[in-house]
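Here's the structure, in C-alpha cells; my notes come after.
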Amino acid sequence: MNWTKHALLMATTIVAGALCSCGGEEKQTKADTPFIGKNEIKIEGDRMIPEALWAMGRIGNVSPSPDGKQIAYGVTYYSVPENKSHRVIYMMNADGTDNHMLTTSAASEGDVTWIKGGTKLAYLSTESGSNQLWEMNPDGTGRRQLTDTEKSLEGYSFSPDETKVILVMTVKNGPTTADKHPDLPLATGRVITDLMYKHWDEWTDEIPHPYVADFDGKGISNLRDILEGQPYESPMRPFGGMEQLAWSPDGKTIAYTCRKKTGAAYSKSTDSDIYLYNIATGETQNICKASATDKNMGYDTNPQYSPDGTMIAWQSMERDGYESDWNRLYVMDLATGEKRFLSRAFDSNVDEFVWMPDGKGFYFSGVWHGTTMIYSLDLKGNVRQLTEGQYDFGSITLMGDQILCKRHSMAEADEIYAFNPANGKQLTQLTTENKHIYDQIERGKVEPRWMKTTDGKDMLTWVIYPPHFDPSKKYPTLLFCEGGPQSPVSQFWSYRWNFQIMAANDYIIVAPNRRGLPGFGLEWNEAISGDYGGQCMKDYLTAIDEMAKEPYVDADRLGCVGASFGGYSVYWLAGHHDKRFKAFIAHDGIFNLEQQYLETEELWFANWDLGGPYWEKNKMTEHSFSNSPHRFVDKWDTPILCIHGEKDYRILASQGMAAFNAAIIHGIPAELLIYPDENHWVLRPQNGVLWQRTYFEWLDKWLKN
C-alpha cells in the first residue's frame, strides 16, 4: 500500500457494516474507564491549538433507516488527559433535527446498521470486554448482546433477509513458537522462514477471515470459516474493511476480496481477485480469472451486486505490482460473464461507488484538480458531476431519493450532508459536530494557484494563509511535501498535518500537486515511478520559488516539511535546496533507499517505483538508488527535525534514526522525536499533542527567532 494512505482512508465507504477500528483498544469496563464524550473546550484567543484538534468529534459510518426518516451515525471522541478514545452512536431525524447521543456506556460502540425492518439497530460494542455484535432499539433502550465469539469481531454484515450474518475475526497464521516448543511457553522469539512476517504495524501472527453464521433474530449458530484452512486474508490488511465483502440480493452467495498468496509471493504482488462463495455448496469461483484472456492482474477489490442480482461491480487495477494504477470501475454480467470497463471516460480513480437504486448506473467519488467530487455514471459509461466547490466529498450512502455523504475541506473536518442527485448544488448540512470549535477560531483562507513547471506544464498549488492575513507583512512560509507518493493534495482535513493549525501559527503553507499525484490525468500520476529525485522535486521548487516572489513571503524564512514520501522529499531536498530553506521536518521518511528496499514489507511498491533491488543494475534502478537522500548528506547545511514511530513497518524507524545520526555527525543542528508505540501515523492523543508542540517549537526556533 502507499507509504501514506490518508486519501484512501478518507475515501473508504462503509456500505453493509464496517471493519471495526477499535480492534487494538484495551479492554474497557465501567469501573476503570470514564465516559469520554463531546469536549466543550474553551479556546483563548481565536487560533487553532493542538488541544482543539483532539477535542473535535470525528464522524464515522452513516446509516439511514429503511424508511428514510432517521439517520444513525458514529462519532469518535478523544480525551487527552485519559490518552484514550471512545466511539459513540448518535441518532437524528433525516433533516438533521433531534440529534442526540444513544451511547451511555464507557465502552466503545460503533459500526451501526439498521436491522429487523428498521425496528432495531445492530452495532459493535466492547461492553462485554471484547468487541461483539449487539442490538438496541432506535431510542437506545433494549440493548442485547447477539454474539459471544472467542475472538473479537472486526466487522459484520447481515444477509438481505437477515437469516445469516458475516462476521470477520482473526485466525492463527501458522504455528507459533509455543506450538513448536511447548516447553518454552514464555519464549518471545519468532522463527521466520519467509517474507510478510510483519505488515503495517503488526507481526502477522494472525490474519482476518470471514465467517458466515445462521441468525435467528436472537443469536448465531453454525458458525463456519469460509476460508477454513487457507492461509489467506480477507478483508486484506492493513486497510480493508467490510466494503471488501458483499451479499448477493438472494443471500445465497458471498462475494469477497482476497489475494491468495503468501510469503515472498504476497510481498511482491498486488494481484487480488473477487471470489464468489456459494453458501450451500461451499464452492468458490474467481470471477477475475474466469478465462486465460482476463488481464486484471492488479488489485480487484470492493464487490457490489446490482439491486436485481444480475450484475456485479468492483474496482479494478490492471497491472500487477502497481498499487497506484488506474482504479477503474468494472461491471460483469453474471449470466454471460461479460466484463466492461465502465469508468473509462473519467481520467482518474474511482475512489468509492454505490449502485443506483434502479440498477441503471452508479454514484461514485473521485479526485480531479485537487477536489474530490461525487459523480453519476450510467451503464453506457456517461459521467456527470453532481457536486461542486472547494471540498472533498465521500462516504456515499443512499437514503430514498437522496444521497447522504460526508464533506470536508482544508478549512473544516467531516460533517454529514444530504442532496438530491438531480441537483447536487443544493446541499443540506445535517450535522454541526464541531461548530462550537469553529465558532471560537479564525480560519485561514485557502486559495488555488496554477503555476508553470520547469517543463511547461500547469500545476495546481494550494496556498493557505494565516488568519487575519496582512499582505503588508512578511510571513515565514512552509513548503508541504505530500506522501504516497501518489496520494492527492485535495481538500483533505488532517488531525496532524493540519494546514489550519500551521496557518494559526502565522505560517503561509504552499502545497503543490506535484508530479505523481492523481486528479490530473494518468500521465501526470504515473510520472513519479522511477523518478523520485527528478521532475517531482523540480515541481516542489517551482512552487516555493513562485511564492517566494510575493512581497508578503519572507524568502529568508522558508521551511520544508513532509511525511512518508514527503519525508523522503525533505531528506532529498536537504541536499539539493541551494540554501532556500532554513528548517526541515521529516516524519517517517525514507532516508536510505537501499536500506528501505530490504526493510519494507510490501516489496511490490519498491519493485515498481524503484525498478527492483539495487543490485540489479538497469537504467531505472541506477537512477532511483543514485537519488537516495543518504548519498547527499555531505551537502546538508540546514537544521532538521526527524520524527518516526517504532511500530512503522512500512518505513522502519531505523530510517529516521539514521538521518538524525547523519545530521549530528555532519555537524547539522538536529532533533529526533521517536515514538516506541506509534506506527506510520500518530494515533494517541498525548503523542499527537507532543507532535504538534515539537513541530512548532522547531519551526519557531529556526524561522521566527
Side-chain angles (χ1 to χ4, degrees), residues 1-4 7 270 298 317 319-326 347-349 451-461 479-489 511-545 560 562-578 586 589-597 600 602-632 635 650-651 655:
M1 292 289 173
N2 275 2
W3 289 325
T4 295
T270 59
M317 296 186 188
R319 289 167 283 184
D320 191 9
Y322 185 22
E323 74 141 42
S324 294
D325 203 355
W326 193 3
D347 195 18
S348 191
N349 298 325
M451 302 174 174
K452 284 291 183 184
T453 61
T454 57
D455 58 347
K457 303 292 178 64
D458 293 319
M459 178 176 66
L460 173 65
T461 298
L479 173 66
F480 170 76
C481 300
E482 175 64 305
Q486 286 155 297
S487 297
V489 183
N513 276 274
R514 47 90 180 143
R515 219 62 52 97
L517 299 183
F520 301 90
L522 296 182
E523 180 183 352
W524 187 275
N525 185 53
E526 297 194 351
I528 190 77
S529 298
D531 196 29
Y532 274 18
Q535 186 61 47
C536 60
M537 297 300 165
K538 296 176 183 177
D539 291 347
Y540 280 139
L541 295 176
T542 290
I544 196 65
D545 288 348
C560 180
S564 198
F565 179 80
Y568 163 90
S569 303
V570 169
Y571 290 143
W572 191 91
L573 288 168
H576 298 83
H577 68 110
D578 294 329
I590 306 168
F591 173 66
N592 184 327
L593 283 175
E594 294 182 3
Q595 181 180 339
Q596 170 67 11
Y597 184 87
T600 194
E602 293 182 349
L603 273 178
W604 63 74
F605 206 107
N607 282 335
W608 188 276
D609 268 22
L610 304 179
Y614 55 85
W615 57 82
E616 290 185 3
K617 304 298 183 181
N618 58 60
K619 185 177 180 181
M620 188 172 177
T621 57
E622 289 182 358
H623 177 71
S624 296
F625 291 104
S626 67
N627 274 287
S628 179
H630 82 284
R631 295 180 179 274
F632 306 100
K635 297 182 175 60
R650 184 62 40 82
I651 301 173
Q655 296 276 346

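We number each residue from 1, following the sequence as shown.
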For this session: Could you check E526 against R319 for salt bridge (Lys or Arg N to Asp or Glu O under 4.0 Å), going step by step and ending with a plain yes or no?
Result: CA-CA 13 Å; E526 297 194 351; R319 289 167 283 184; 2.5 Å; yes
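- No side-chain donor from either of D609 and Y322 sits under 3.5 Å from a side-chain acceptor of the other.
- Atom OG1 of T461 is separated from atom CZ of F480 by 12.5 Å, given to the nearest 0.5 angstrom.
- Between the CG atom of N618 and the NE2 atom of H623 there is a distance of 12.0 Å, given to the nearest 0.5 Å.
- Side chain of D458 to backbone of K452: no donor-acceptor contact under 3.5 angstrom is found.
- Residues passing the ring pair (Phe, Tyr, Trp, His ring centres under 6.0 Å) test with H577 are F581, F584, sequence neighbours excluded.
- Pairing each heavy atom of S487 with each of L517, the nearest pair is O-CD2, 2.9 Å.
- Atom-to-atom distance recorded for L603:CG and T600:OG1 is 7.0 Å, nearest 0.5 angstrom.
- The shortest distance between side-chain heavy atoms of N607 and P613 falls below 4.5 Å.
- The two residues C536 and I528 come nearest to each other via the heavy atoms SG-CD1, 3.5 Å.
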For this session: Would you check, one step at a time, whether the test side chain to side chain contact (heavy atoms under 4.5 Å, CB included) holds for S529 with W608?
Result: CA-CA 7 Å; S529 298; W608 188 276; 3.6 Å; yes
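- Of the N and O atoms on the side chains of T453 and R514, not one donor lies less than 3.5 Å from an acceptor on the other residue.
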Table please: side-chain donor-acceptor pairs of residues 569-576 below 3.5 Å, with sequence neighbours left out.
from	atom 1	to	atom 2	distance (Å)
S569	OG	F565	O	2.9
W572	NE1	N627	OD1	3.1
H576	ND1	W572	O	2.7

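- For the pair E616/Y614, no side-chain contact is recorded, criterion being any heavy-atom separation below 4.5 Å from C-beta on.
- Interatomic distance, CG of L479 versus CG of L541, reported as 7.5 Å (0.5 Å rounding).
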For this session: Show your working on salt bridge (Lys or Arg N to Asp or Glu O under 4.0 Å) between D455 and R515 and close with a plain yes or no.
Result: CA-CA 11 Å; D455 58 347; R515 219 62 52 97; 2.9 Å; yes
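- Residue L593 comes nearest to I590 through the heavy atom pair CD2-CG2, 3.6 Å, listed as atom of the first residue, atom of the second, then distance.
- Among all heavy-atom pairs drawn from K457 and E523, the shortest one is NZ-OE2, 4.1 Å.
- Atoms SG and OH, on C481 and Y540 in that order, are 4.5 Å from each other to the nearest 0.5 Å.
- For the residue pair D545 / T542, no side-chain donor-acceptor distance below 3.5 Å is found, with atom types taken as modelled.
- For the atom pair OG (S324) and CG (N525), the distance works out to 6.5 Å, reported to the nearest 0.5 Å.
- Using a 4.5 Å heavy-atom threshold, the side chains of I651 and S564 count as touching.
- Taking each heavy atom of Q655 and N592 in turn, the nearest pair found is OE1-N, 2.8 Å.
- Summarising the geometry of W326 relative to D347, their closest heavy-atom pair is CZ2-CA, 4.2 Å, with the distance given to 0.1 Å.
- With contacts defined as side-chain heavy-atom distances shorter than 4.5 Å, the pair Q596/F591 does not qualify.
- One side chain, T454 or Q535, offers a donor N or O that lies under 3.5 Å from an acceptor on the other.
- With contacts defined as side-chain heavy-atom distances shorter than 4.5 Å, the pair L610/F605 does not qualify.
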